[in-house]
Amino acid sequence: MTVLKTSMRNFYAHKGRMALSAVAVLLSVAFVCGTLVFTDTMNTTFDKLFAATSSDVTVSAKGASDTGETTADNGKPPVMPAAVLGEVRKAQGVKSAEGTVFSTSVTVVDADKDSLSPSSGAPTIVGNWNANDARTMKITDGAAPKASDQVMVDEDTADKHHLELGDEIGVITAVGTHTAKISGIAAFQVTNPGAAIFYLDTATAQKALVGEPDVYTNVNVTAAAGVSDEQLKKNVAAGIGAGYKVQTAKETADANRQDVGSFLDVMKYAMLGFAGIAFLVGIFLIINTFSMLVAQRTREIGLMRAIGSSRKQVNRSVLAEALLLGVVGSLLGVGAGVGIAVGLMKLMGMTGMNLSTDDLTVAWTTPVVGMVLGVVVTVLAAYLPARRAGKVSPMAALRDAGAPADARAGVVRAVIGLVLTGAGGAGLYLASAADKATEGSLWLGLGVVFSLIGFVVIGPLLAGVVVRVLGAIVLRAFGPVGRMAERNALRNPRRTGATGAALMIGLALVACLSVVGSSMVASATEELDKSVGTDFIIQSDSGQLMTPQAVQAIKATPGLARVTEYKWTEADFTTPDGKTLDKTAITAADPTYATDLRVETVAGNLADAYRPGSMSVHDKFAKDHRITLGSTVSVAFKDGSTARLTVRAITSSDAVIDQGAMYTSIDTLKKYVPADKLPLDQLVFATAKDGQQDTAYTALKKALHDYPQYSVRDQTDYKQELKDQIGQLLNLIYGLLALAIIVAVLGVVNTLALSVVERTREIGLMRAIGLSRRQLRRMIRMESVVIALFGALLGLGLGMGWGATAQQLLALQGLDVLEIPWPTIIGVFIGSAFVGLFAALIPAFRAGRMNVLNAIATD
């Protein structure tokens, strides 16, 4: 009880000094709890949606995925004849059955040809209005579609795009474009996560989505009273025979949940990873805080030891303070986590994914995980300072209070740090020299971990060198004030090293990802310049296939020298070594593709692969299956017959574009696959006549005006698109890393604040002999700047080393250009100086307001 009382008294006596450490714990716990609440809420939302929209039993066409999405490579959903509906209705235990038809391979536009699809990546769904939808949707305005010129839209999409009754929209599919006017608006009775949904009448949906009458994509079956879903499934399956997918409501919901759950899991663990980085940075803050508090209470602890307190009691007293800090910070963090989750939901709402706070889910495990994690991390971080406190001798009561000078880090620490850093460097070297990416990735991971730990351990040793160099460059210009700031930073290298290490971790990751991102863009850009011999690439950003009408419009565009079609399909390969490879990808293109994409060949000429009855393979495939030029491969095309194709070319597997592709000609594909089963083009390449690139570019955009689902890009556009995509990903990662950097800044603030308290008497003496308030504040700011720059220099250097090594692994995949984004690196380094200035504002202000006489009188 005495230990607890002492801990409580000390905790409240130094509550101001504990505040920033508590904020670090709060932020870290809040991010963990916020992530868990947010993902649990998304799971709840989707679970309710899937449960509400699944019929008792669903019959799907052969080839449909478990989630019912379009999988056919002709751009149409897999369908079954309407006669199946009659067979289902005859099955025992069926109360009712209804045929439905829907597709997700659609683009919906308004009268101005602007897309009405969600910007969040959620699907656009067009289907027929049916009884199953009527259970989850309520018509709030107008009426359901009853004729071919009518369409109904969901309320969220109507509000977002300001659609009203009577507005004209176009539904663009592989069949063509269907135009209709809005006859009704329907609202979800459960939360809509962001999908855009449009309803047609059944006959129109069949015609617009599939291009033929009397077919369905699904049959929704409702069970009679007393009949279980499993029994109904057996009865229906027996009645319709093989060749159809029959699922219960639970199976359908589980398949949808698994499809969404994989994405949510990736997002959850990625966010928890960044929360872990914030915790790691927070550990340095807590260690620094308790180390300085222990040092400042040396005399007090010595007196406690002199009057009978044991080492264990002193140790437990410090750990009890850490426990209090962890409990307070974690409790506040759990509450803040719920707020973060709500904020994330609002943010997702701005991007088009609607999540209702009515579904806010706080599982009992979330606050438990937050509390346990926050308390355990805090107590573990305080263990070393507590152990150091227990070693304080009773004789310390006779000495001046304050931290003893620590000009050098311990020899043992330095040796351990050098060994770990050396091990990390060896790991990075082995990663860069690896011949296989999988092997190199393992060495890279080990190199990153050991080099990071090594730099943290060796930080005090590095501080003594780096701070002197930075002081000579940055601080000497400020005269005596600058020199004092440098000496203050060098006074306790262990403290400076720990404070700089907190900032180092976040900036190392920023630098590493910047190098990797820039290298990927530079490599892809170089590969485009080297390999792509066409002027324009036409494709759908939403993944829709190219319709024959659009391809014809492209071919009819004036100013083009050639147009190349590019198809993709699957086939079962039987190789010369007797092995059969199911569902292997094969690319079919026009012979001009050999000119449009200059693929490196190991043997033969790629143009020969487009001759009748010919193909190419890549060198790894050839090596694995003992294939040489002239070998014959049996290719059983999907939806077609079997061909025996002669290998005329072997391409390099190191290509970035079309890596691992195997080619044949479209004419060969047409010979073995019926015309109505041919896959649509994935994309189309177009090359302008000499000197007519600008004219052809404008003409192509005009020719595809009626096909807004496709984008026309020249090589400049394509490079910019690639750069923007990687840039958006990096910005998202930087945003998540910002939490760790904020915690690191708190660490600098806390270190300076406690350092000012520790040097109270010293500051009073300096003021007494003539140091002005302005000079005092400048000294503290300069000390903060040099600590921040020290952390930035270590972090950026370490991160660039990681990034350069990671690029060597990417080079094994063909991305062989290393590019250091110097503007970003220099900008971050300069920004770190401003971070140091910001962090010093409050400590410098408090130091400047000290009463000189009271400061001198301080013990």
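Worth knowing before you read on, the calculation uses all heavy atoms, side chains too, and leaves out hydrogens, waters and symmetry mates. Sequential numbering from 1 along the given sequence is applied to the chain's residues.
- Evaluation of the side-chain contact (heavy atoms from CB on, under 4.5 Å) rule for Leu165 yields Asp141, Ile182, Ile185 as partners, not counting sequence neighbours.
- With Val635 as the fixed residue, the side-chain contact (heavy atoms from CB on, under 4.5 Å) test singles out one of Asp572, Leu645, Thr642: Leu645.
- The closest side-chain donor-acceptor pair between Asp577 and Thr575 falls under 3.5 angstrom.
- Between Leu680 and Pro548, some side-chain heavy-atom pair lies under the 4.5 Å cut-off.
- Under the salt bridge (Lys or Arg N to Asp or Glu O under 4.0 Å) criterion, the residue pairs touching residues 681-699 are Lys567-Asp681, with sequence neighbours excluded.
- Between Thr569 and Lys638, the closest heavy-atom pair is OG1-CB, 4.1 Å.
- Here the side chains of Phe198 and Thr124 are in contact, with some heavy-atom distance below 4.5 Å.
- Residues Val109 and Ile169 have side chains not in contact (no heavy-atom distance under 4.5 Å, counting atoms from C-beta outward).
- At a cut-off of 3.5 Å, with distance as the only test, a side-chain donor of Thr592 or Thr564 sits close to an acceptor on the other residue.
- Applying the side-chain contact (heavy atoms from CB on, under 4.5 Å) rule to Ala82 yields the partners Asp214, Tyr216; only residues at least two apart in sequence or on another chain are considered.
- In this structure, the side chain of Asp667 does not engage the main chain of Ser665 through any donor-acceptor pair within 3.5 Å.
- A side-chain N or O of Ser60 and one of Asn218 form a donor-acceptor pair less than 3.5 Å apart.
- For the pair Ser631 (side chain) and Thr628 (backbone), a donor-acceptor distance under 3.5 Å is present.
- Remark: Glu819 CD to Glu526 CD distance equals 10.5 Å, nearest 0.5 Å.
- Pairs engaging residues 544-561 under the salt bridge (Lys or Arg N to Asp or Glu O under 4.0 Å) rule: Lys555-Glu565 [sequence neighbours left out].
- Minimum heavy-atom separation, Asn128 to Gly99: ND2-O, 3.4 Å.
- Of the options His618, Lys623, Lys620, Gln659, a side chain to side chain donor-acceptor pair (under 3.5 Å) to Ser653 is made by His618 and by none of the others.
- To the nearest 0.5 angstrom, Gln715 atom CD is 6.0 Å from Asp529 atom CG.
- Residues Asp658 and Val599 fail the side-chain proximity criterion, which asks for heavy atoms closer than 4.5 Å.
- A donor-acceptor pair under 3.5 Å is formed between the side chain of Gln206 and the backbone N or O of Val215.
- Every residue two or more places apart in sequence or in another chain was checked for a salt bridge (Lys or Arg N to Asp or Glu O under 4.0 Å) with Asp112, and none qualifies.
- A donor-acceptor contact shorter than 3.5 Å is absent between the side chain of Ser614 and the backbone of Tyr610.
- When atom types are taken as modelled, the side chain of Thr557 and the backbone of Ile554 share a donor-acceptor pair closer than 3.5 angstrom.
- Every salt bridge (Lys or Arg N to Asp or Glu O under 4.0 Å) that Lys530 has, sequence neighbours left out, goes to Glu527.
- With hydrogens and angles left out, the side-chain atoms of Gln728 and Asp724 include no donor and acceptor closer than 3.5 Å.
- Note on residues 580-606: pairs passing salt bridge (Lys or Arg N to Asp or Glu O under 4.0 Å), not counting sequence neighbours, are Arg562-Asp596.
- Applying the ring pair (Phe, Tyr, Trp, His ring centres under 6.0 Å) test to pairs two or more places apart or on separate chains, those with a residue in residues 635-680 are Tyr593-Tyr663.
- Shown here is Lys719, whose NZ atom has more than 12 heavy atoms of other residues, nucleotides or ligands within 6.0 Å.
- Every residue was checked against the salt bridge (Lys or Arg N to Asp or Glu O under 4.0 Å) condition with Lys677, not counting sequence neighbours, and none meets it.
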Only pairs under 3.5 Å count here: list side-chain donor-acceptor contacts from residues 700-711, not counting sequence neighbours, and write none if there are none.
from   : atom 1 : to     : atom 2 : distance (Å)
Tyr710 : OH     : Leu545 : O      : 2.6
Tyr710 : OH     : Thr547 : N      : 2.9
Ser711 : OG     : Asp541 : OD2    : 3.1

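- Each side chain to side chain donor-acceptor pair (under 3.5 Å) pair with one or both residues in residues 142-154, not counting sequence neighbours, appears once here: Asp154-Thr157.
- Of the inter-residue distances, the one linking Met662 atom CE with Phe573 atom CZ reads 4.5 Å to the nearest 0.5 angstrom.
- Among residues two or more places apart in sequence or in another chain, the salt bridge (Lys or Arg N to Asp or Glu O under 4.0 Å) test is passed with Glu168 by none.
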